[in-house]
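Just below is one structure, and these are the notes that go with it.
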Amino acid sequence: MIEKMELLDVDKLIEEFESMTKDAGNVQRETLKKILDENGCAEYLQNLGLNGRTDPESFKACVPLVTHNDLQPYIQRIVDGSSSPILTGKPITTISLSSGTTQGKPKFVPFNDELMETTLQIYRTSYAFRTREFPIENGKALQLIYSSKQSKTKGGLIAGTATTNVFRNSQFKNTMKAMQSQCCSPDEVIFGPDFHQSLYCHLLCGLIFREEIQFISSTFSHSIVHAFRTFEQVWEELCADIREGVLTSRITFPSVRSAMAKLLKPNPELADLIHKKCLGLNNWYGLIPELFPNVKYIYGIMTGSMEPYLKKLRHYARDLPLISADYGSSEGWIGANVNPNVPPELATYVVLPNIGYFEFIPLKENVEEAKPVGLTEVKVGEEYEVIITSFAGLYRYRLGDVVKVTGFHNLSPELKFICRRNLMLTINIDKNTEKDLQLAVEAASKLNTEEKLEVLDFSSHVDLSTNPGHYVIFWEISGEVREEVLEECCNCLDRSFVDAGYVSSRKINAIGPLELRVVQRGTFQKILNHYVGLGAALSQFKTPRCVGSTNNEVLQILCNNVVKSYFSTAF
């Protein structure tokens, strides 16, 4: 049992959050001062002539806006083992690797104790608001989390994905205990060397502790959908393991087998119960509440590129609440979801004013480069690009995310994630974002529902090898679709891009007919395997929605698995 005194005080956490957001402007000034006081001796800041000043006005006058490419030479020196204060006052000992699904290769990002503390603060804050709405009992969580291996850089620093660096930190487990969110799987499963084997064991642990599971979570909703799609394939094998009390031979790693042996005992009654429940389901609808009767909600990042998985997740979850987790990136956290009863499509995130210093570039039509504004100066209804100054050596760093201000929580803005700014389909004057692509796919995939088939996953590419260039959409579908339906899907995709630049270019053939390429089953699993093979953690995997020509290996996987191709006749 967890001692009462160890549990987090939900009311106190909410009170602290309310107090901080009521004074967001002053908290931001104090946060910037703290960052600059701690890191003022860093070479990067020294060279910019701040001379000890910590006020926002001097900071903005001296420090330029930067992208990752601008900081790459400094980060590379840290990676290579330079111990001098380059970006931070204290030495950086750990490097995070971004998922790499945006640009095709992972980025190195500094990670330190301060960043870990902001991570835990975000976790605690959203937990407090979540628990107020959906109280959980002292049980376990089915956390579908995976830690890839940490490695050493040439200079001896620990390098791992951001999620791995968090999961392997001793504070993580303590915080999970205090949040009544202990993972039902042993560490050997979370840190297992093969994610296929870890996933199988996560599912098995969940079933063993099915009565105690209070919620199901993963970093991204993709991982949850992926887990239950896998369950559909392996449920009979899981039942056999539970019935006999012997782990399947598919689990080959001794450390994982040994940890699971301690949990697995022959239980024919449980095996029969699960078997009966699975046979009683219609197309797996409501699978999650049937397997886990005491689950209160499902939790993970569900916005942005994760939205397309919500339909399938709702199919598995039936009427269980889906709660979108917090807003951040490998570079740092931004906001917490303090309205957990809002559906993920409408989720917003309140910026925590003490976890970094934030600025926002207004994104207005025909404004090439507007001047950034502060956290409390943003306007409701406007869209902005996020700029972050963190405790881990990023100063006025352009995150590349586009957000919309939907309101204010006290004096701190509520943000809705819109898209990644650099993920765009564009050939000439057309500009279609990831969200535009998602809406087009949603519209076209409805034509498949009569066939009782679904689009399992999708991506896109701008093909400039033809003249004129044209959009290519890749679909993986759950079964065989009639030719005439796919032809109409292709036309529907083309018509669904309503951007004025696209429509006018299509009408005069400055952009060629859209092409729909159907790929064989398992293609997107190959892409996932490709990234995991590069060292990415399954927890951090995001299907690349727009594959550029520089991301050649992924493009090759897609192109090599095309089974059918259609060109639009919509224009």
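Remember, predicted model here, so these are calculated numbers, not experimental data.
- When the side-chain hydrogen bond (donor to acceptor under 3.5 Å, both in side chains) test is applied to K312, the partners found at least two apart in sequence or on another chain are E454.
- Partners of K277 according to the side-chain contact (heavy atoms from CB on, under 4.5 Å) rule, which considers only residues two or more places apart in sequence or in another chain, are R210, L273, E290.
- Contacts of S221 classified as side-chain contact (heavy atoms from CB on, under 4.5 Å), with partners at least two apart in sequence or in another chain: M302, M306, Y309, L313.
- For the salt bridge (Lys or Arg N to Asp or Glu O under 4.0 Å) test, residues two or more places apart in sequence or in another chain that qualify with E385 are R398, R421.
- Residues satisfying the salt bridge (Lys or Arg N to Asp or Glu O under 4.0 Å) test with D194, not counting sequence neighbours, are none.
- For the salt bridge (Lys or Arg N to Asp or Glu O under 4.0 Å) test, no residue two or more places apart in sequence or in another chain qualifies with K416.
- Take R250 and apply the side-chain hydrogen bond (donor to acceptor under 3.5 Å, both in side chains) test, not counting sequence neighbours, and it matches E237.
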| query | Stepwise, does the side-chain contact (heavy atoms from CB on, under 4.5 Å) test hold for E232 with Y316? | reply | CA-CA 11 Å; E232 290 183 35; Y316 288 135; 2.4 Å; yes
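- Scored by the side-chain hydrogen bond (donor to acceptor under 3.5 Å, both in side chains) test, E484 finds R482 as partners (sequence neighbours excluded).
- Residue pairs satisfying the ring pair (Phe, Tyr, Trp, His ring centres under 6.0 Å) criterion with at least one member in residues 550-571, sequence neighbours excluded, are listed as follows: H470-F567.
- Remark: T406 pairs with no residue by the side-chain hydrogen bond (donor to acceptor under 3.5 Å, both in side chains) rule, at least two apart or across chains.
- With sequence neighbours excluded, the residues forming a side-chain contact (heavy atoms from CB on, under 4.5 Å) with S198 are Y146, V189, listed by chain and number.
- P544 and V554 get closest at one heavy-atom pair: CG-CG1, 4.2 Å.
- Applying the salt bridge (Lys or Arg N to Asp or Glu O under 4.0 Å) test to D241 and every residue at least two apart in sequence or in another chain returns nothing.
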